[in-house]
Amino acid sequence: MNPELLFFRNRSNLKLWLHFSVAALAIPLALMFFIYPAFVIGALIFDPELKATGQSRLVPGWFESAAGRYASWADDYLDSGYAKSVEHDDVPATEWPMFGSMFFLVAANDLWKQGRLDIKQPAIRDAVDKAAQIIVSPDTATWVRTRWGHDYLHEENVFYRMLLILGLSAYQEMSGDTRHRELLRVQRLGLARELDAAPWKLLDDYPGECYPNDVLWSVAAMRRAARLDQDAGPGELADGLLAVLESPLASPLGLPAFQANCRAGTIVQNPRGSGNSAIIIFAAELDIDVAGRWYRAHETYFWKENRWVAGFTELPRGSGRKYMDVDSGPVLFEFGSAASAFGIGAAKAVGRIDHAAVLTLETVAVAWPTPFGLLLPGLMGRLSVDSWSLGEIALLFAMTRPVSTTQVVPFSGPIPWVVWLLMFMYFSAGVFFIAMEVRGCLNLAKKINHLKTGYTET
């Protein structure tokens, strides 16, 4: 064969195979990161279960997928001793591992009670066990021990102890493992006594910082834990706390304060969207009528919707003020990411399936679903606490909250335009990249074949 022709053929074949190799990488990426998200959003839009119950049939699968990523992160977190090295005022690095592990256990427990999660699966059980290990590990408590001293389990410290009680009660209920039963009982009874003795049924999370949300969550946690011991739980304490939150600590909007002075029983910060959505989730387990009133006030002053988007604002709608912090998450055009994400759970708890479905659709669409989880929450968790799973698990916690009432408002539409827009954008981008790669390969093959034919004839 002519050496020049042989060289030409080899070079042409190499160039063609290189282009094919790039296409073989680019096309699967386009399918995973653009076509797949479009189909997930489409599946949610036409999901009858989401419209009827506020929880998509896709949620159990998402949770099982996230469990593997959570277990991998938990291994590294426990083995590295990371918790001992972080600054005590670094909120994501200190709070998120404990918060996320509680979210994981509570979401797993509720999916298990729904019959949608097999706790005996080795991968699931491994992740559940690791979550309990993180919650009870003294290393995890380094930041609160720095603030409260060695009596951190016996003096106020409501936030940490609430997470411990909620997480361990969920773990014991679904696993049947009672190794932490005594710790759970001591914490439940001890914190209940402290709160009951407090003049306003409130205690601090950190010295000088009291957040009524966390106090209410702790009372709901005690009630959950008490059921494991066949105990009635803190009934009078719950009534007393709700009375305080409905009177001296209620703002003119009819919603509890976001932050309070637990010694004086006064408001430090007025209600915020993220706090309203969070407190309603567990208020529904204590008193559905109170939770319903709070949700109606939350909707009246913090719900915002138009053709494009709907959700909860971080500050009262139309206030004209801009506010964003670690609790609110990103705030855009008044809409609060935490207020709307936890709003899924709040809406479900009081039977507002119409709101829960809309917020789920928007949240998943914006979060960029992929076969490897929700991309944007994963990136936020990776940057904040070196975890691809904790942000996604917080959303799954909100999506799995039980409905606490028989009076529900099903979803009947319309679907915000942003959901359709994002579905179209994902799909269009995927088709564009795939078409470009296929077209490039075909054109290159034709060009090489044409040149090869001409060169041979010459």
Side-chain angles (χ1 to χ4, degrees), residues 66 69-107 127 130-131 133-148 152 157-164 166-167 204-209 211 213-214 217 258-259 269 272-275 277-278 281 314 323-332 336-343 345 363 366-368 373-398:
R69 293 187 291 278
Y70 172 83
S72 177
W73 165 81
D75 272 331
D76 292 339
Y77 182 82
L78 290 166
D79 293 343
S80 67
Y82 173 78
K84 295 185 290 186
S85 64
V86 299
E87 295 294 329
H88 69 85
D89 56 355
D90 184 342
V91 174
T94 54
E95 294 185 359
W96 284 24
M98 187 78 171
F99 225 151
S101 297
M102 181 277 287
F103 284 151
F104 181 84
L105 289 170
V106 173
K130 286 184 170 61
Q133 290 177 43
I134 287 175
I135 283 179
V136 301
S137 171
D139 291 349
T140 308
T142 299
W143 102 94
V144 289
R145 192 163 54 246
T146 301
R147 292 173 180 256
W148 288 105
Y152 71 98
N157 191 16
V158 172
F159 175 70
Y160 177 86
R161 294 165 75 185
M162 170 270 292
L163 296 178
L164 187 148
L166 264 177
D204 282 342
D205 287 316
Y206 303 132
E209 296 181 43
Y211 298 93
N213 285 12
D214 297 331
W217 278 37
F258 181 79
Q259 186 178 357
Q269 277 194 70
R272 288 170 46 185
S274 54
S277 292
I281 289 175
E314 181 61 20
Y323 188 89
M324 184 170 67
D325 65 4
V326 68
D327 292 313
S328 70
V331 176
L332 186 63
S337 55
S340 295
F342 284 108
T363 299
V366 171
W368 200 334
L374 301 174
L375 184 61
L376 293 187
L379 285 171
M380 292 174 64
R382 183 72 174 84
L383 294 173
S384 299
V385 69
D386 199 28
S387 168
W388 283 100
S389 62
L390 294 185
E392 182 178 14
I393 286 167
L395 291 177
L396 291 170
F397 162 81

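Contact of the V331 side chain with the Y323 side chain is not registered, since no non-hydrogen atoms from C-beta on lie closer than 4.5 Å. R147 places a side-chain heavy atom less than 4.5 Å from the side chain of H88. Using a 4.5 Å cut-off on side-chain heavy atoms (C-beta onward), D139 and Y77 make no contact. Residues F159 and W217 fail the side-chain proximity criterion, which asks for heavy atoms closer than 4.5 Å. Residues D327 and R272 have side chains in contact (heavy-atom distance under 4.5 Å, counting atoms from C-beta outward).
For the 3.5 Å distance criterion, the side chains of Y70 and S101 qualify, holding a donor opposite an acceptor. The closest side-chain donor-acceptor pair between W143 and Y206 falls under 3.5 angstrom.
Considering only residues two or more places apart in sequence or on other chains, S337 meets the side-chain hydrogen bond (donor to acceptor under 3.5 Å, both in side chains) condition with none of them. Residues passing the side-chain hydrogen bond (donor to acceptor under 3.5 Å, both in side chains) test with S340, sequence neighbours excluded: none.
Considering every non-hydrogen atom in both S384 and W96, the closest pair reads CB-CZ3, 3.7 Å.
Separating the CE atom in M162 from the CG atom in D214 is a distance of 4.5 Å, to the nearest 0.5 Å. Separation of atoms CG (D325) and OG (S274) is listed at 7.0 Å; rounding is to 0.5 Å. The CG atom of L164 lies 11.0 Å from the CE atom of M102; values are rounded to the nearest 0.5 Å. For the atom pair OG1 (T363) and CG (L376), the distance works out to 11.5 Å, reported to the nearest 0.5 Å.
Identified under the salt bridge (charged side-chain N to carboxylate O under 4.0 Å, His left out) test for residues 71-83, with sequence neighbours left out: D75-K130.
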